[in-house]
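Below is one structure; the comments refer to it alone.
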Amino acid sequence: MFSNGYGLSVFLLFAVMVLHVGADLRDVREKIDIYETPKDTQIYRSSRARRETKEEIDYRLPKTVKPSSYELYLHPNLEADTFMGQEKIRINVLETTNQIVLHSQDLVLTSVYVVNHEVENYELDELRQLLIVNMKEPLAANVVVTLGIVFEGKSLGKLEGLYSSSYLTPAGQRRKIATTKFEPTYARQAFPCFDEPALKATFTISVVHPNSGSYTALSNMNEEDSMNLGEESMVTFASSVPMSTYLACIIVSDFDSQTGTVKANGIGNDFTMRAFATPHQLNKVKYALDFGIAVTEYYIKYFNVEYPLPKLDMAAIPDFSSNAMEHWGLVTYRETALLYDENYSSTLNKQSIAGVLAHEITHQWFGNLVTMNWWNDLWLNEGFARFMQYKGVHAVHPDWGMLEQFQILALQPVLVYDAKLSSHPIVQKVESPDEISAIFDTISYEKAGSVLRMLESLVGSEKFEAAVTSYLTKFKYANTVTDDFLTEVAAQFSDLDVKLLMRTWTEQMGYPVLNVRRIGENAFMIEQQRFLSNKDSYDVVVDPVEFGYKWTVPVTYILDSSPATEVNSLVFEYDEDTLGIAAPTSAKWIKLNVRQLGYYRVNYESSIWQALIQQLMTEPTRFNVADRAHLLNDAFALADASQLSYRVPLEMTAYLPNEREFVPWYVASSGLLSLIDQLMFTDTYVDYMSYARTLLTNVYNQVGWTVEQDNHLGNRLRMSVLKLACALEFKDCLEQAEQRFTKWLNAPTAENRPAPDLREVVYYYGMKQASNEKNWEALLELFKTESDASEKSKLMFGLSAVQDAQLLYRFLDLASDETIVRSQDYFTAVENIANNPVGMPIVWDYYRENWPTLVARFGLNNRSFGRLIARITSKFASEQKLQEVESFFVKYPESGAGASSRQEAIETIKYNINWLKANRNDIASWLGGSPSPMTSKYPL
């Protein structure tokens with residue numbers, strides 16, 4: 001009956017397991033009878049008809065039944081890369097029904113039964129991924145029934161559901177593990193279940209693991225019992241609190257762990273935190289464990305809500321599709337997101353690890369304890385986690401400037417995406433698995449987090465924190481919609497209609513630009529309009545929305561005539577045409593959106609821009625770090641969108657030789673690097689490169705190439721400056737990179753290896769400068785043999801810098817071999833190659849020619865695969881390339897989770913074409929010293 005060698009031992013094992021979880025002898029006999037049920041008494045059908053029709057498909061489960069508990073047994077076969085399982089689901093019947101409908105995907109079902117009821121047959125609807133159990137007699141409302149299912153599945157060749165991973169020991173032995181990744185709709189690939197977030201239930205999970213090789217099993221809850229079965233053991237875990245299916249997790253591995261204790265300080269009980277990794281990397285978990293304990297203690301205090309489980313484990317998985325996953329009580333991570341080794345990890349690696357940990361641990365409350373009712377409100381999970389992760393890291397590392405780094409790492413990047421017509425609202429209706437997968441994007445994370453940051457600045461941190469505590473307490477173990485959270489905020493802050501304000505931000509995509517002009521001698525006038533990055537987008541007819549793409553905007557501002565610490569605020573209602581601000585006659589400038597806490601851009605008439613630039617030139621510290629970064633960001637973005645002459649951001653950059661802070665330089669670097677790409681094939685390129693180098697000389701000479709051990713922001717500044725200097729072809733920068741690269745490549749010892757912070761620059765620009773087959777092959781061999789995940793990522797980046805098209809094609813081809821490039825890293829490798837001007841056409845041709853093969857490998861539901869098209873075409877800037885992309889979409893119309901990415905790709909190419917037409921002459925004129933004045937498209 002069981003394939004893959006499970007046989008009678010598994011059958012007996014499961015009988016024992018049933019006893020263990022508390023069933024009586026009759027339950028055991030019922031279980032045994034299931035295994036003996038003749039298959040010819042079961043009817044299996046696959047519903048495919050909807051594929052051939054254009055009817056609207058309802059992907060949601062009916063509301064006739066609801067699960068209350070799962071008894072789940074899973075037995076991964078590590079050698080065969082398969083698994084088998086059995087479950088008993090206790091179900092409350094809410095309405096009389098003759099069907100039980102739940103989810104199942106890519107599983108072989110060997111038996112389906114309902115205790116004390118007769119099943120007529122069951123069928124699988126493959127399109128909707130449903131298991132439909134048809135009963136001979138209707139189930140009456142208000143009864144409780146138990147559904148039992150026996151199933152098998154495959155765990156190889158995927159990174160979702162229950163899947164196989166492996167790693168090499170230092171001795172070269174291949175070790176296999178089994179693990180799970182269920183969010184958003186992949187639990188159904190591991191066991192039939194009610195795979196919707198609102199259908200919470202308790203889970204009692206039992207897992208079988210080998211006894212040899214130091215294998216153990218982990219799950220969400222603490223181990224309650226273990227039973228030796230000879231060559232294997234079965235571990236049974238305590239029953240969980242009610243949770244959604246996507247939060248369940250198991251791991252079967254030979255990992256080792258380090259342990260610490262989280263102090264609850266009176267808010268609940270103290271509990272254990274463990275960090276797991278492959279045995280030879282156990283020394284790399286200490287930072288994560290120490291940070292994890294510290295940030296968890298901060299969250300317990302901030303939320304004022306106890307952590308309800310008896311333990312919180314973290315595990316570094318060799319193959320993982322995303323950075324991490326917040327399974328309740330057992331958070332899983334990519335190795336690069338958990339493991340820290342000062343011999344390999346850079347300052348940025350350390351910051352990234354802290355950020356990912358803080359994000360996932362936030363989810364133990366936002367998402368796990370209180371869960372969105374449906375994926376439409378995903379932002380209640382992800383936006384909060386993104387917002388809180390910066391608070392969490394700041395609490396543990398206050399010298400890292402994380403509250404300002406939110407501005408450059410979260411807010412400013414999403415402003416770029418959200419200025420396109422391919423964006424979507426924060427609250428977005430989704431139904432199909434493809435749509436659900438796609439919504440895990442920068443809008444649900446960064447925009448949602450940015451809007452929460454703006455809301456906190458409006459209502460005040462104390463009231464916001466009180467609202468958060470009330471929300472988490474009131475809806476503990478329950479599901480919510482957006483209005484539930486806003487109700488708690490409104491209860492704390494009655495000064496204005498918070499719900500209405502927030503609806504303008506959550507229910508419509510995009511954001512405004514506030515256009516500012518002086519009226520008379522003692523006032524400024526503000527008008528708002530939707531900001532779009534491509535001027536042609538304003539001519540596109542868009543779907544009407546309730547608020548007409550107007551927003552209620554919390555406006556903050558400072559005046560040059562007032563003390564630097566005096567911040568003024570008011571609210572610009574969405575239904576008002578203008579907003580006036582009184583100011584003294586002596587005020588030369590006004591600066592809106594203080595610290596860029598608001599989610600909007602600001603454009604000024606020319607005289608105000610001129611005054612702001614003059615202030616930067618004469619006394620840059622009159623503006624704080626965040627405001628300097630904001631002015632640079634808005635100026636470049638407005639010029640890129642043809643709403644401001646490019647003379648404004650170029651004029652503003654003249655203050656940079658006196659700038660020494662990381663955050664403003666990060667923004668400046670992004671703008672200057674973008675201009676390299678945009679101007680590369682124009683006759684302005686040489687003049688631009690010469691000018692940009694003058695801006696960088698002072699700070700480049702100051703930061704140098706010596707990494708400072710305990711200067712986090714100093715090291716972040718150094719790497720931003722060095723990357724920009726090498727991109728601007730600083731002679732010294734390129735020579736330093738090449739010298740360090742060849743010295744290490746010729747003798748790859750620990751002494752010759754560059755400092756971790758320098759490695760990306762050295763590997764990339766060293767490879768670019770010393771670009772020949774011999775060096776590339778040597779680097780490839782080092783990449784193949786490297787075991788540290790963060791170092792491997794840096795080496796992979798270096799391999800993509802070679803200037804030989806044949807070698808780049810070879811690398812692209814090698815990337816398909818999972819023994820060389822792990823599947824989780826494939827998309828990064830492809831993007832790295834595409835970002836090399838030599839590699840761009842190679843990747844595009846390869847992508848088109850191998851599209852069917854790539855679809856077969858990754859599936860259209862894979863959101864990373866879906867987004868690849870926008871990333872590899874992001875620098876296309878010709879009508880020919882536009883036509884090629886459009887033709888490709890016609891040839892392959894099925895886009896899956898990549899539908900919005902396709903629209904984004906077209907928009908970006910059109911934007912690139914228009915950018916050159918709109919800005920080329922302006923930039924050339926300014927660089928040539930032409931005295932024509934700065935102008936704004938909105939002189940108002």
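Computed from a prediction, not measured in an experiment: that's the story for all the values here. Positions are given from 1 along the sequence.
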- [ ] Using the side-chain contact (heavy atoms from CB on, under 4.5 Å) rule, take Phe636 and Leu644 through it: C-alpha gap first, then chi angles, then the decisive distance, then the call.
- [x] CA-CA 9 Å; Phe636 272 107; Leu644 183 69; over 6 Å; no
Task: Results of side-chain hydrogen bond (donor to acceptor under 3.5 Å, both in side chains) for Thr504 - residues two or more places apart only - done: none
Task: Heavy-atom side-chain proximity of Thr487 to Asp484 below 4.5 angstrom - done: no
TODO: Would you please indicate yes or no on a ring centroid separation below 6.0 angstrom for Trp665 and Tyr655?
DONE: no
Open item on the list: Within the 4.5 Å heavy-atom criterion, are Glu907 and Ser422 side-chain neighbours or not?
Closed with: yes
TODO: Please tell me if the side chains of Val451 and Trp379 come closer than 4.5 Å, counting only heavy atoms from C-beta onward.
DONE: no
Open item on the list: Go through it in stages, so that I can follow the logic: the residues are Lys447 and Thr442, the test is side-chain contact (heavy atoms from CB on, under 4.5 Å), and I'd like the CA-CA distance, side-chain angles, deciding distance and then a yes or no.
Closed with: CA-CA 7 Å; Lys447 180 176 182 178; Thr442 189; over 6 Å; no
Open item on the list: Is the shortest side-chain heavy-atom distance between Ile526 and Thr578 below 4.5 Å?
Closed with: no
Open item on the list: Looking at Ser450 and Glu446, would you say the former's side chain and the latter's main chain have a donor-acceptor pair under 3.5 Å?
Closed with: yes
Task: Residues which pass side chain to side chain contact (heavy atoms under 4.5 Å, CB included) with Ser864, listed by chain and number, not counting sequence neighbours - done: Phe827, Asn862
Report, one line per pair, each donor and acceptor closer than 3.5 Å where one atom sits in a side chain of residues 671-684; sequence neighbours left out.
{"residue": "Thr682", "atom": "OG1", "partner": "Leu679", "partner atom": "O", "Å": "2.8"}
{"residue": "Thr682", "atom": "OG1", "partner": "Thr684", "partner atom": "N", "Å": "3.3"}

- [ ] Spell out, as yes or no, whether a donor-acceptor pair under 3.5 Å connects the side chain of Asp418 to the backbone of Val414.
- [x] no
Task: N/O donor-acceptor pair under 3.5 Å between Trp374 side chain and Val430 backbone - done: yes
Task: side-chain hydrogen bond (donor to acceptor under 3.5 Å, both in side chains) assessment of Gln596 paired with Gln412 - done: CA-CA 9 Å; Gln596 206 175 6; Gln412 291 178 0; 2.9 Å; yes
Open item on the list: I need the full list of ring pair (Phe, Tyr, Trp, His ring centres under 6.0 Å) pairs touching residues 507-535, with sequence neighbours left out, sorted by first then second residue.
Closed with: Tyr511-Phe531, Tyr511-Tyr599
TODO: Provide the closest heavy-atom pair for Pro584 versus Ser561 in the form atom of the first, atom of the second, distance.
DONE: CG-OG, 3.6 Å
TODO: Tell me, please, which residues at least two apart from Arg503 pass salt bridge (Lys or Arg N to Asp or Glu O under 4.0 Å).
DONE: Glu507, Glu546
Open item on the list: Is it true that, when you exclude Lys499 itself, more than 12 heavy atoms of the residues, nucleotides or ligands shown sit nearer than 6.0 Å to its NZ?
Closed with: yes
Task: Residues which pass side-chain hydrogen bond (donor to acceptor under 3.5 Å, both in side chains) with Asn912, listed by chain and number, not counting sequence neighbours - done: none
Task: Expected output: side-chain Glu831 to main-chain Leu868 donor-acceptor under 3.5 Å - done: no
Task: Close side-chain approach of Val602 to Val513, heavy-atom, < 4.5 Å - done: no
TODO: Could you note down all residue pairs passing ring pair (Phe, Tyr, Trp, His ring centres under 6.0 Å) where residues 402-435 supplies at least one of them, sequence neighbours left out?
DONE: Tyr390-Phe406
Task: Heavy-atom check, side chain of Leu455 versus side chain of Val498, under 4.5 Å - done: yes
Task: Closest heavy-atom pair and its distance - Ala639, Ser645 - done: CB-O, 4.1 Å
Open item on the list: Are Phe547 and Trp505 an aromatic pair, judged by ring center distance below 6.0 Å?
Closed with: no
TODO: Look only at the side chain of Asn593 and the backbone of Gly598, and say whether a donor-acceptor pair between them is shorter than 3.5 Å.
DONE: yes
TODO: Measure the acute angle between the ring planes of Phe485 and Phe464, then classify it against the limits of 30° and 60° as parallel, tilted or perpendicular.
DONE: perpendicular
TODO: Go through the steps for Glu382 and His359 under the test side-chain hydrogen bond (donor to acceptor under 3.5 Å, both in side chains), then give the verdict.
DONE: CA-CA 9 Å; Glu382 300 301 348; His359 183 100; 3.1 Å; yes
Open item on the list: Quick check on the 6.0 Å ring-centre criterion: do Trp609 and Tyr604 meet it?
Closed with: yes
Open item on the list: Angle between ring planes, Phe662 versus Tyr666, binned at 30° and 60°: parallel, tilted or perpendicular?
Closed with: perpendicular
- [ ] Please identify each residue that fulfils side chain to side chain contact (heavy atoms under 4.5 Å, CB included) with Ser569, with sequence neighbours left out.
- [x] Thr556
Task: Pair Trp589-Gln615, side-chain hydrogen bond (donor to acceptor under 3.5 Å, both in side chains): steps then yes or no - done: CA-CA 9 Å; Trp589 52 257; Gln615 184 71 67; 3.1 Å; yes
TODO: With Arg530 as the cation and Tyr549 as the aromatic partner, state whether NZ or CZ is under 6.0 Å from the six-membered ring centre and within 45° of the axis.
DONE: yes
Name each donor-acceptor pair under 3.5 Å that joins a side chain in residues 877-890 to protein atoms two or more places apart or in another chain, with its distance.
{"residue": "Ser878", "atom": "OG", "partner": "Lys881", "partner atom": "N", "Å": "3.2"}
{"residue": "Gln880", "atom": "NE2", "partner": "Glu884", "partner atom": "OE2", "Å": "3.2"}
{"residue": "Lys881", "atom": "NZ", "partner": "Glu884", "partner atom": "OE1", "Å": "3.3"}
{"residue": "Glu884", "atom": "OE1", "partner": "Trp844", "partner atom": "NE1", "Å": "2.8"}
{"residue": "Ser887", "atom": "OG", "partner": "Gln883", "partner atom": "O", "Å": "2.9"}

Task: Which atom of Ala587 lies closest to which atom of Leu559, heavy atoms considered - done: CB-CD2, 4.4 Å
TODO: Provide the full list of salt bridge (charged side-chain N to carboxylate O under 4.0 Å, His left out) pairs with a residue in residues 832-846, sequence neighbours left out, each pair given once.
DONE: Asp845-Arg848
Task: Minimum-distance pair of heavy atoms, taken over all atoms of Thr908 and Ser874 - done: CG2-O, 3.6 Å
TODO: With the side chain counted from C-beta on, respond yes when Ser444 and Ile426 share a heavy-atom pair under 4.5 Å apart, and no when they do not.
DONE: no
Open item on the list: Under 4.0 Å between a side-chain nitrogen and a carboxylate oxygen: does that hold for Glu659 and Arg628?
Closed with: yes
Task: By side-chain hydrogen bond (donor to acceptor under 3.5 Å, both in side chains) - contacts of Tyr646 (at least two apart) - done: Asp640
- [ ] Could you tell me which residues satisfy salt bridge (Lys or Arg N to Asp or Glu O under 4.0 Å) with Lys723, sequence neighbours excluded, listed by chain and number?
- [x] Glu760
Open item on the list: Does Asn603 form a side-chain contact (heavy atoms from CB on, under 4.5 Å) with Val516? I'd like the steps, not just the answer.
Closed with: CA-CA 6 Å; Asn603 198 359; Val516 184; over 6 Å; no
- [ ] Indicate yes or no: does Lys591 engage Asp627 in a salt bridge with an N to O separation below 4.0 Å.
- [x] yes
Open item on the list: Could you check whether any side-chain N or O of Glu435 sits under 3.5 Å from a backbone N or O of Ser432, counting only pairs where one atom can act as donor and the other as acceptor?
Closed with: yes
Task: Ion pair Lys910/Asp536, N-O distance below 4.0 Å - done: no
Task: Salt-bridge contact Arg595-Glu404 (side-chain N to carboxylate O under 4.0 Å) - done: yes
TODO: Check whether any side-chain heavy atom of Leu631 sits under 4.5 Å from a side-chain heavy atom of Met652, and report yes or no.
DONE: yes
Task: Evaluation steps, side-chain contact (heavy atoms from CB on, under 4.5 Å), between Met525 and Leu579 - done: CA-CA 6 Å; Met525 183 69 73; Leu579 179 69; 6.0 Å; no
Open item on the list: Between Trp926 and Tyr691 (judged by ring centroids, cut-off 6.0 Å), do the two rings come close enough to count as a pair?
Closed with: yes
Task: Cationic N near anionic O, under 4.0 Å, Asp922 to Arg647 - done: yes
